[in-house]
Amino acid sequence: MTTKIEVNQAAELLLAKDNILVLCHKNPDGDTLGSAAALCHVMKNMGKTIAAICHHSIPAKYDYLDIPLYNEEFEVEYVVSVDVAGVNLLGENLAHYAHKVDLCIDHHESNNGYSNYLCLKEDYPAAAQLMYEIIVAMGCEITPHVADCLYTGLITDTGCFKYSSTTPLTHIVGARLMELGAQHTMLVEKFFMSKTAKAVKLEKFMLNNLEYHFDDRCALLALTREVMQDIKPEPTDIDGLSSMPRNFEGVDVSILIRPLREDGSYKLSIRTGETVNANEIAAALGGGGHIRAAGCEVIGSIDSVKKAILKEVENVLCR
Ligand SMILES: [Mn+2]
């Protein structure tokens, strides 16, 4: 049984607890990490014991968040998940927490209610926007560093305030975080203005290998195991790739397929324009996410995976 709660109740719960473990989602992004880091830092500043944990190691790009990582130095009394839509997104290393999450702080409409308490704002573009409100409701000071952590979540999940999920409130929170010391220029430069050599190689591969389907309304890129072996990209090198073809003229659906594990599984990222619901396509294959950005995992050969996703895209585009 999951009880839905508001921001004030989430703040009260957190204030009453100590020895807290914060769970991030696997393949961590700026939102899950920035939100978790912000919560850890404000609670630590209050004298509480808190640390975060993630199935994957934290990409070096996020070192500046200075996330206190859990290494069993205290007995966990309260478990909070941040930006985690479902227990399958915790990853195998955290799977044993699946039924032990006390509070989930999230913004995914696909959240299936796995925690005791759920503070969910599906109309927020980033969990960081919700985390900001919870921290304000807790009456905690937002230091410049905490502002950086929250700003990271805000800009990475909104494509730097570009995605349609961005609202006036998102800008108000962003503005407030800048006032509180968030380093706008440094963070935007880090996440949006610079590209690694491997990311450029991937982009070149994409331009040469993009497939078009359904009167060019769907663009699909498959990163084969061979090209991944050849380029050896970091997960952060691939992040920008999924949404790029969505911006090409006439494209309503953009699909990125990348190899996941050696068992023949692939991760699919789906990005859509205004007329198509990405979450609907992902859900048909057991995944989920948001209306413009969603994902799923499929096992099979690259050809069978392509066939499966294209069938679902066709169902949505051609009805
Ligand atoms: Mn998020």
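As the structure lists them, so they are numbered: ligands from 1, and atoms in each ligand from 1. Quantities reported herein were computed from a predicted structural model and do not represent experimental measurements.
- The distance from the Mn ion (ligand 1) to the nearest N/O/S atom of Asp83 is under 2.8 Å.
- The atom name of the N/O/S atom in Asp31 closest to the Mn ion (ligand 1) is OD2.
- For His107, the N, O or S atom with the smallest separation from the Mn ion (ligand 1) is NE2.
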Worked verdict on Thr152 versus Tyr64 for side-chain hydrogen bond (donor to acceptor under 3.5 Å, both in side chains): CA-CA 11 Å; Thr152 298; Tyr64 69 97; 2.7 Å; yes
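- Within the structure, every pair that satisfies the salt bridge (Lys or Arg N to Asp or Glu O under 4.0 Å) test and touches residues 205-221, not counting sequence neighbours, is listed here: Glu211-Lys306, Arg217-Asp252.
- The backbone N or O of Ile257 sits nowhere less than 3.5 Å from a side-chain atom of Ser269 that would complete a donor-acceptor pair.
- Counting only residues at least two apart or in different chains, salt bridge (Lys or Arg N to Asp or Glu O under 4.0 Å) contacts with residues 78-91 are absent.
- Between His107 and His290, the gap from one ring centroid to the other is short of 6.0 Å.
- For residue Asp157, an N/O/S atom approaches the Mn ion (ligand 1) to within less than 2.8 Å.
- Counting backbone and side-chain atoms alike, His108 contributes no N/O/S atom closer than 2.8 Å to the Mn ion (ligand 1).
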